[in-house]
4 protein chains.
Amino acid sequence: MARESRKDSILKAALFCFTEHGVEATTIDMIREASGASIGSLYHHFGNRERIIGALYLEGIRRYGLVLNGAFTTDSTTEQRVRSVVLGYLGWVAENPDWARFLFNSRGQVEAGPLGDELKSINALHVSRMKAVWEEMQTHGDLRTIPAPCIPALITGPAQEIAKAWLAGRLKGALLDYAEPLAEAAWRSVRADDISSGDEGRFRA
Amino acid sequence: MARESRKDSILKAALFCFTEHGVEATTIDMIREASGASIGSLYHHFGNRERIIGALYLEGIRRYGLVLNGAFTTDSTTEQRVRSVVLGYLGWVAENPDWARFLFNSRGQVEAGPLGDELKSINALHVSRMKAVWEEMQTHGDLRTIPAPCIPALITGPAQEIAKAWLAGRLKGALLDYAEPLAEAAWRSVRADDISSGDEGRFRA
Amino acid sequence: MARESRKDSILKAALFCFTEHGVEATTIDMIREASGASIGSLYHHFGNRERIIGALYLEGIRRYGLVLNGAFTTDSTTEQRVRSVVLGYLGWVAENPDWARFLFNSRGQVEAGPLGDELKSINALHVSRMKAVWEEMQTHGDLRTIPAPCIPALITGPAQEIAKAWLAGRLKGALLDYAEPLAEAAWRSVRADDISSGDEGRFRA
Amino acid sequence: MARESRKDSILKAALFCFTEHGVEATTIDMIREASGASIGSLYHHFGNRERIIGALYLEGIRRYGLVLNGAFTTDSTTEQRVRSVVLGYLGWVAENPDWARFLFNSRGQVEAGPLGDELKSINALHVSRMKAVWEEMQTHGDLRTIPAPCIPALITGPAQEIAKAWLAGRLKGALLDYAEPLAEAAWRSVRADDISSGDEGRFRA
DNA sequence: GATGAATGAGACTTCATTCAT
DNA sequence: TATGAATGAAGTCTCATTCAT
């Protein structure tokens, strides 16, 4: 832990700067100042600016992935899973606003950079894994017949909009106040017609 | 028209560059090269870089606004309006991918710039006008009781996700293939419980 | 002339700096200071450091080429030509010590740079043109039978050594004091056995 | 020997890097990577970059000196000596291309560095020792009356040009193919008029 | 209106060197 | 002896902007 301290403090400082000024506007010198490290140390550990961003992005995806995986492995009915994803997403954003801002606001900029392809492929892994789960649910008849790419969009899209507004300070109150309504709406938008809220969902007779 | 030609060609070139490289990565010199104008001419017409972005943003909002206004003024039932917003949004993105990329991908970056506040307030005008309409519908009982900010998020959020994926080339086929499913889902997610698709929606007895 | 002034003054300053500190040790800032131009102006005209060096190298080759071409076109007998090349070379070095230092001292460094291949090919052109002339003389029987690449080495090599020593300040007196002995020696080293100094050389009966 | 191994492996790696990238362009880190040593180890053994270059240069001169001394001590007639110097030089270059490249290509750069004066004086020693021998020969009447500095230039200059071309890959075939013609030419360029190849040279009656 | 040379602040990065372990 | 994290001066280059013609 003491060993990793410098590298970690640089990443921490970088995240802080990205939140404060945005990814593009953050200079190496800002990170240097915020981290207390020297320029040389920054480059010793990361090689260049882009790799600092990349390392942070990777760590963000890893952390976020843990939450979503939890939602899938813990819950058993389809409805529970759909709700868990929405709640899990909003919960994570509420607790990790800086990571969320960085991850979701800057995705485009990060993927446009030199390490974009590498990071994109890691992202694609997450997406495809999730996609497999949704499709399985659809096969079981718990979800309406909807083009596959729409399912995650319907479940996560509105929550993302709300989260974005909240992160930008355009929303009063706690982010989690919107969790239940959004989870309910997500479920309504994707559930099969013969299923209503409160039914068992998956594993029906 | 011939007089305005130079100014327009600069804006056109700027939009092209923003699509190609992103807003932040686009330099004055790229726009100069793409437009065929001289640096001096660029500054003569726009004063500085930020004002090129601003002018483009304004024009984008204006164009997009026309479509959405159409959806509201033409249609009469709530369901029709909800569906029209989704369809209108996706239709506009499909026909104006460059404008869409610029407007939705780069919103954060644009608002972070020096003219951000000005542009934000123009945006806020649009949003608040729309909000008023949704709230009216809610008052009439056509929409479920949902926190107000969720309504546009539910209607537009999933469409935005799909549009983003399509613009990034992650989606096969035509964007409009997803329009009907998304419209249907949007309506399901916000409609009042005693209303089903096909009912009259607003102005019921 | 007034128009080209800036670009030329930069090149002039660069040559001065190269003489003073060597090519590698010369920084953009030194050239900026010596030329009186701004950094921006430097980059406006040349794009990068390497292209300043390249432009200078090209100009140097051009100037030097004029002298050597003169030696070949003016003189008629082989002996006269051999002597003219040695004398012309030393004369040019004596009159253009800065160009000479840059051209001959830094050839390796220049060719190792990014524009190396381009410059190398220009150099190769000069060399091959000259080679053709020597070979013609050899065919005529004025020169001994020597491997072709040795001929220019024998004629120019010693003069280059002397010039290098003189440029480095290791030689007392005027460079041209060594011209006649070196010309004589060059001719002795390459002339055919039945030809002695003062004979007609080429076009003998 | 095992003790010295590390130091030697660093020097060996340095020579490799100098050949590959040139002296100026070689960084401490390149040598570290090529040698397998750590940065700390490099500095422990040599103190700084310049001293690595210096140590290598010294070793190169020492090795090359052995060959040339051989030419002078073994052979007795002037002609034999002149020829031996040319042959010895080319033979050494052919067998030690990396050392040759370093020693002759980078001489200027090395002498321009902080340890330049020290190395220059060592070089000057070699040169003056050799000069004494040539002058003695001249006094004996074996060599033509030529300005003293021209003698080594005439003997070694052409061979250096050929060696440079060969090291740069501009020459096909073996370097030693050019040895005999160059030795013959060197002797012709400096021998006294009443001496022809095969005469006794020195020690005539 | 149009042009493009000129400007300079400031960004990123390299690299020799030091020093605690 | 060996290691490699840490340092920071110094270099190259970019780019928005100004201004004389």
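Just so we're on the same page: letters track the sequence lines, and every chain starts at 1.
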Interatomic distance where NZ belongs to A:Lys7 and P belongs to F:dA5 [whole Å]: 9 Å
Protein N or O to nucleotides 17-21 of chain F N or O, pairs below 3.5 Å:
from, atom 1, to, atom 2, distance (Å)
F:dT17, OP2, B:Tyr43, OH, 3.3
F:dT17, OP2, B:Arg49, N, 2.9

Over all atoms of both residues, closest heavy-atom pair of D:Trp99 and D:Leu56: CZ3-O, 3.1 Å
A:Asp29 CG to F:dT7 C1', straight-line distance once rounded to whole Å: 14 Å
Residue pair A:Asn96 / A:Tyr64, side-chain donor-acceptor N/O under 3.5 Å: no
Sugar-phosphate only, base, or nothing, as touched by A:Ser41 at under 4.0 Å among non-hydrogen atoms: base
Distance-minimising heavy-atom pair for D:His45 and D:Ile10: CD2-CD1, 4.1 Å
Whole angstrom value for the distance that separates P of F:dT14 from NE2 of B:His21: 15 Å
OP1 or OP2 of F:dA5 under 4.0 Å from side-chain N/O of A:His44: yes
Position toward the 5' end of DNA chain E (nearest nucleotide), D:Met30 or C:Leu42: C:Leu42
For residues 13-26 of chain C, which side-chain donor-acceptor pairs fall under 3.5 Å, sequence neighbours excluded?
from, atom 1, to, atom 2, distance (Å)
C:Thr19, OG1, C:Leu15, O, 3.0
C:Thr19, OG1, C:Asp98, OD1, 3.4
C:His21, ND1, C:Cys17, O, 3.4
C:Thr26, OG1, C:Cys17, O, 3.2
C:Thr26, OG1, C:Gly22, O, 2.7

Separation of E:dA2 C1' from B:Phe46 CZ (nearest whole Å): 15 Å
Closest heavy-atom pair and its distance - B:Ile53, B:Phe102: O-CZ, 3.8 Å
Under the 3.5 Å Watson-Crick or G-U criterion, the dot-bracket string of DNA chain F, with | for inter-strand pairs: .||||||||||||||||||||
E:dT3 phosphate, OP1 or OP2, under 4.0 Å from B:Arg6 side-chain N/O: yes
Any donor-acceptor N/O pair, C:Arg51 side chain to C:Phe46 backbone, under 3.5 Å: yes
Between P of E:dA5 and CD1 of C:Ile10, the distance in whole Å: 11 Å
Phosphate-side-chain proximity, A:Arg32 and E:dA11, N/O vs OP1/OP2 below 4.0 Å: no
A:Arg101 (side chain) donor-acceptor with A:Leu167 (main chain) under 3.5 angstrom: yes
Under 3.5 Å: donor-acceptor pair, side chain of D:Ser106, backbone of D:Gln109: no
Rounded distance in Å - CD (D:Glu33) to C1' (F:dG4): 15 Å
Student check: side-chain heavy atoms of A:Lys12 and A:Ser35 closer than 4.5 Å: no
First of B:Gly36 and A:Glu24 reached from the 5' end of DNA chain E, by closest nucleotide: B:Gly36
Residue whose closest nucleotide on DNA chain F lies nearer the 5' end, D:Ser38 versus A:His45: D:Ser38
